[in-house]
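Here the structure is laid out as C-alpha cells; the discussion comes afterwards.
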Amino acid sequence: MKHRDQAHHRRTSRIDYEKELNPEQHAAVTAPPGPALVIAGAGSGKTRALTYRVAYLVENDVPPERILLLTFTNKAAKEMLGRAESLIPVSISGLWGGTFHSVGNRLLRRYAREAGLQPDFTILDAGDTKELLGNCFQEAGIPPKSKDFPKPEVVQGLFSFSANTRQTIETLLAGQFSHLQQFSVNLHHLAAVFKARKKRANAVDYDDLLSLPLEIFNAHPEILKSCQERWLYVLVDEYQDTNALQAGLVDAFAGLHKNVMAVGDDAQSIYSWRGANFANIFSFPERYPGTQVFRLETNYRSTPEILSLANASITNNEKQFPKKLRSVKRSGSRPKLVCADDSSRQAQFITEQIRELQRDGVRPDQIAVLYRAHSHALELQMEMMRQEIPFQITSGVQFFEQAHIKDATAFLKIAINPFDEVAFKRMTQLMPGVGPKAAEQLWKQAEGRESWDAVAVKPKFASEWQSFADLVTSMRSRATPADDAVNETAPEDFSGDAAEMIGSIVDEFYANYLTLHYDNHEQRLEDLRQLQVFSKQFANTSDFLGQLALMTNMEAEQNRSAKQHQPRVRLSTVHQAKGLEWKAVFVMMLCEGTFPLGRCMGSAEQIEEERRLFYVAMTRAEENLYLLYPSFRAGRGSYGDPFQKKSRFIMELPPDLMDVTAQPNQWEDGESGEEPGKFFKGSRHWL
DNA sequence: AGATAAGTGCTTTTT
DNA sequence: GCACTTATCT
C-alpha cells in the first residue's frame with residue numbers, strides 16, 4: 001500500500017517550517033546536529049515532528065540512505081516515511097526505516113556469515129522457538145518427562161529476558177528468577193545446546209535479531225565502523241519502550257556521529273514486561289553529554305475535558321516527569337463513567353452508544369473499544385455480531401501463527417533453508433501416521449540435504465512422502481536465492497515465486513488436508529489465497545518469509561481489510577491501540593483485577609505501569625470518552641467473587657471531571673427493588 | 001500413533 | 001469452569 005494521495009502531490013517548494021509547526025515542534029525539528037531528547041506528550045504531534053525532521057534533514061542535504069528511523073511498528077514507519085516523502089521533492093526510498101527487529105533482520109541478512117549463519121536463515125516465531133527449545137531438552141540431558149523441570153515457555157521467558165535486559169542467566173537466577181535457581185546447571189547447559197541448535201538449523205529467534213548484530217559489532221569492529229559511518233542521523237520513536245538491548249543497538253549505531261534523536265513519553269511506557277526500561281529516557285542525557293531536551297506539551301488530539309481526566313489519573317504515579325499537557329481543542333463533553341450491572345449489559349450499553357454515535361454522524365472507524373486483555377472482549381464480540389455492527393478485532397492469535405498459515409509456509413521454509421528442523425518436522429507431521437517420533441527419524445536422514453531421494457520411509461506413507469519431496473524439490477529449483485547484498489535495489493523480476501509455491505502446496509495437497517481437518521476449511525483456504533496475493537509484493541521468497549515473521553496482527557489486518565471498504569469499529573487491547581486515535585473511545589472492564597489486571601498488581605511499579613496503560617487508553621480519545629465497568633461478573637476470571645470492585649483507577653479520579661451515567665448497584669443497596677434491566681430498557685433517558 | 005479418560009493449571013500485554 | 005496437558009489403552 002503506497003501512500004498514493006501524498007506521493008502524487010509531492011510539493012516542489014521548500015517547506016515553511018515556522019508556519020507549519022508550532023514553536024515547540026519547530027525547535028525539535030530544526031535542532032542542530034548532536035544528541036537530542038524529545039519528550040513528547042500524548043497527541044502532541046510526535047509523528048509530525050519526526051516526519052518533518054526527516055524532511056528537514058533531507059532538505060539540508062543529508063542523503064536519505066544515511067538516515068535511520070526506528071519505530072515501534074512497521075505501520076508507523078510506513079506512515080512516517082510516506083508523509084515525509086510527500087513533503088519533499090526527492091525520493092527517500094534509500095532511508096532505512098522500521099522496527100528494531102526488522103532493521104536487525106536486514107543487518108543480519110547482510111552479515112549472516114559473521115554470525116555463523118547463511119543469509120537464507122529462518123526467523124523462528126514464538127511457537128517455533130518454543131518447539132525448538134523443547135527439542136533441546138533431551139540433548140541437554142533433561143529427562144523428557146521430568147515433572148519438576150520448567151516448561152519450554154518458562155525457560156524461553158528466562159532466556160528472552162536475559163537477552164533483552166542484557167543480564168546473564170546467572171544474575172537473573174540470583175534475582176528475579178530465583179525460583180528457577182535450583183535448575184541452574186541444567187539451564188546453563190540448555191542455553192548452550194539451544195544456541196548451537198539454532199545455528200545448526202540456520203535459524204534465529206526474535207531476540208537473536210537484536211543480539212546477534214551487537215555480537216557481530218563486538219567481534220568485527222570494521223563492520224561496526226562502517227555502520228556508524230553510514231548512519232549520520234538516527235531517529236528513534238517510542239524511546240520509553242526500548243529495552244537494554246535496543247538501547248544498546250541505538251548506542252552502537254549512533255556511536256560515531258552521536259546524532260541521535262530519541263522521541264518518547266515516559267507516561268506511556270507500557271512494555272516493561274518485555275524488558276523495556278523507561279529509565280532509558282531519563283538516563284539519556286547522561287549517556288549522551290550535551291543532549292538538548294525538547295518538550296512537546298501542546299495536545300492537538302483530545303478535548304480539555306478528556307485531557308484533564310487523563311492528567312488527573314497520571315498524577316497518581318510517583319515515577320514520572322512532571323509535565324503540563326495543554327489542550328488546544330475547543331471544549332466538549334465530559335467523559336462518561338458508566339456502571340453496568342454485568343458484562344453483558346456493559347456490551348449492550350456499548351453497542352447502543354455506538355448506534356447513537358452513528359446517528360450523530362460518527363463513522364464506525366472513528367470508534368474504538370479498548371480493554372486490558374483479549375479475553376475481556378469475548379462477550380462484546382458476540383453482542384456486536386448479534387447486532388450486526390461491523391467491527392474489526394485484532395485477536396490474540398497472531399494471523400500468521402494460525403495452524404494453516406504455518407503449515408503452508410513450512411514447505412517454503414524447508415525449500416529455502418534445508419536445515420530448518422522446525423519447518424521440516426511440521427511438514428512431515430501433516431502426513432497421516434507421522435508424529436514427533438517419525439518426524440525425528442526422517443529428519444535424521446533429510447537434514448541439510450538438497451535431495452531427499454535417499455530418505456527411507458515406511459511403505460504406509462511412501463506415496464505421500466514422495467509427493468512432499470517432489471513439491472519441495474520443484475520449489476527449490478524455482479526459488480531465487482536471497483539477495484546477499486540486501487536489496488538496495490530489489491530485483492522485481494523474481495516476485496511471484498512465493499505465490500506460485502503456495503499455489504502448488506494448496507492445489508496439490510493442502511486444500512484436501514484442510515477439508516479433512518477443519519470445519520471452517522473455506523475460511524482457511526481463503527486466508528491462504530490472501531497470503532498468496534500478499535506474497536507478491538516481495539522481491540523473493542526469503543524476503544517474504546522474513547517479513548511474515550515480523551508482521552503484527554495490526555499490519556496483517558490492515559492488509560486483509562484493505563479491500564473491504566466498509567468502515568469498522570475497532571476492538572483492541574490498549575497495547576495494540578498505542579499510537580492510534582479515535583473520535584470516540586470506550587474503555588471497558590475497569591474493575592479491580594481486570595484493569596489493573598490481577599496478575600500485574602504485585603508491586604507498586606506494576607501498578608504504575610497499569611496506570612500508564614490506563615493513561616494511554618484515555619488519551620486515544622478525541623471527543624468522546626466512556627469508562628465502563630460491570631458491578632457483577634459471573635464465571636471464570638472473577639476469582640470466586642462475582643461482585644466486582646470498581647477499578648482504583650476510577651476511584652482515584654475527581655468525580656466532578658466525569659459524567660456519571662448510572663449509579664452502581666442501586667438494587668443491591670436496597671434503595672429500590674428495581675430489576676437490573678430497568679436502566680437499559682429506557683437507557684436513552686440516561687444518556 | 002491416535003483416541004479416550006483423567007488431571008492439571010490458569011486465565012496479559014508483543015516483536 | 002474451562003482449555004489444555006498428560007496417562008492409559010487399543
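Numbers restart at 1 for each chain; the letters A, B, ... are given by sequence-line order, proteins then strands. FYI, side chains are in, hydrogens and waters are out, and symmetry mates aren't considered; it's all heavy atoms of this structure. No experiment lies behind these values; they were computed from the predicted model shown.
Between the NZ atom of A/K75 and the C1' atom of B/dT15 there is a distance of 16 Å, given to the nearest Å. When rounded to the nearest whole Å, the span between CG of A/L613 and P of B/dT12 equals 14 Å. Atom NZ in A/K151 sits roughly 11 Å away from atom P in B/dT8 (whole-Å rounding). When the P atom of B/dT15 is taken as reference, atom NE2 of A/H575 falls 11 Å away, rounded to whole Å. A/F161 has its CZ atom 18 Å from the P atom of B/dT15, to the nearest Å. In this structure, A/Q156 atom CD and B/dT15 atom P are separated by 15 Å, rounded to whole Å. Between the P atom of B/dC10 and the CG atom of A/L597 lies a distance of 14 Å, rounded to the nearest Å. Rounded to a whole Å, the NE2 atom of A/H374 is 4 Å from the P atom of B/dT13.
A donor-acceptor contact shorter than 3.5 Å is absent between the side chain of A/N164 and the backbone of A/F161. In this structure, A/N202 contributes its side chain and A/L117 its backbone to no donor-acceptor pair below 3.5 Å. For the pair A/S162 (side chain) and A/Q167 (backbone), a donor-acceptor distance under 3.5 Å is present.
Of the candidates B/dT12, B/dT13, B/dT15, the closest approach to any side-chain atom of A/W273 belongs to B/dT13. Side-chain proximity of A/T573 to the nucleotides B/dT12, B/dT14, B/dT15 is greatest for B/dT14. Of the candidates B/dA1, B/dT15, B/dT13, B/dT13 carries the atom nearest the A/A373 side chain, counting heavy atoms from C-beta on. For A/H101, the side-chain atoms get nearest to B/dT15 when compared with the rest of B/dA1, B/dT15, B/dT13. Listed candidates were B/dT14, B/dT13, B/dA1. Nearest to the side chain of A/K437 is B/dA1. Of the candidates B/dA1, B/dT15, B/dT12, B/dT12 carries the atom nearest the A/C600 side chain, counting heavy atoms from C-beta on.
When the shell of 6.0 Å around NZ of A/K130 is examined, it contains 12 or fewer heavy atoms from other residues, nucleotides or ligands.
Within 4.0 Å (heavy atoms only), A/A549 reaches no atom of the nucleic acid at all. At the heavy-atom level, A/Y271 lies under 4.0 Å from the strands shown only through sugar-phosphate atoms.
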Give the dot-bracket string for DNA chain C, reading 5' to 3', where a pair is Watson-Crick or G-U wobble with both distances under 3.5 Å, ( ) marks pairs inside the strand, [ ] marks pairs crossing earlier ones, | marks a partner on another strand, and . marks unpaired.
.|||||||||

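Ring geometry for A/F614 against A/F595 counts as perpendicular: the plane angle is over 60°, on a 0 to 90° scale with 30° as the lower cut. The aromatic rings of A/F544 and A/F538 sit tilted, their planes meeting at an angle between 30° and 60°.
In terms of the side chain to side chain donor-acceptor pair (under 3.5 Å) criterion, A/Q606 has no residue partners (sequence neighbours excluded). Annotation: side chain to side chain contact (heavy atoms under 4.5 Å, CB included) contacts of A/A126 (sequence neighbours excluded): A/E401.
Remark: A/Q576 is not in phosphate contact with B/dT13, judged by side-chain N or O atoms under 4.0 Å from OP1 or OP2. In this structure, A/S102 does not reach the B/dT15 phosphate: none of its side-chain N or O atoms is under 4.0 Å from OP1 or OP2.
A/Y510 has its ring centre no less than 6.0 Å from the ring centre of A/H404. Centroid-to-centroid, the aromatic rings of A/F100 and A/F72 stay 6.0 Å apart or farther.
In this structure, the separation between CG on A/D420 and CG on A/L132 is 9.0 Å, given to the nearest 0.5 Å.
The 5' end of DNA chain B is approached more closely, in terms of each residue's nearest nucleotide, by A/Q606 than by the other of A/Q606 and A/N74.
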Name every donor-acceptor pair, under 3.5 Å, that has one atom in a side chain of residues 430-445 of chain A and the other anywhere in the protein, sequence neighbours excluded.
| unit_1 | atom_1 | unit_2 | atom_2 | d |
| --- | --- | --- | --- | --- |
| A/E440 | OE1 | A/K425 | NZ | 2.6 |
| A/Q445 | OE1 | A/A456 | N | 2.7 |
| A/Q445 | NE2 | A/A456 | O | 3.3 |

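Separating the C1' atom of C/dC2 from that of B/dT13 is a span of 22 Å, rounded to the nearest Å. A distance of about 15 Å separates the P atoms of B/dT12 and C/dT5, rounded to the whole Å.
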What pairs of nitrogen or oxygen atoms, one from the protein and one from nucleotides 2-4 of chain B, lie under 3.5 Å apart?
| unit_1 | atom_1 | unit_2 | atom_2 | d |
| --- | --- | --- | --- | --- |
| B/dG2 | OP1 | A/G433 | N | 2.9 |

All N/O contacts under 3.5 Å from nucleotides 8-10 of chain C to the protein, with atom names and distances to one decimal?
none

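Cation-pi check for A/R570 over A/W582 is not met; the charged atom does not lie both under 6.0 angstrom from the ring centroid and within 45 degrees of its normal.
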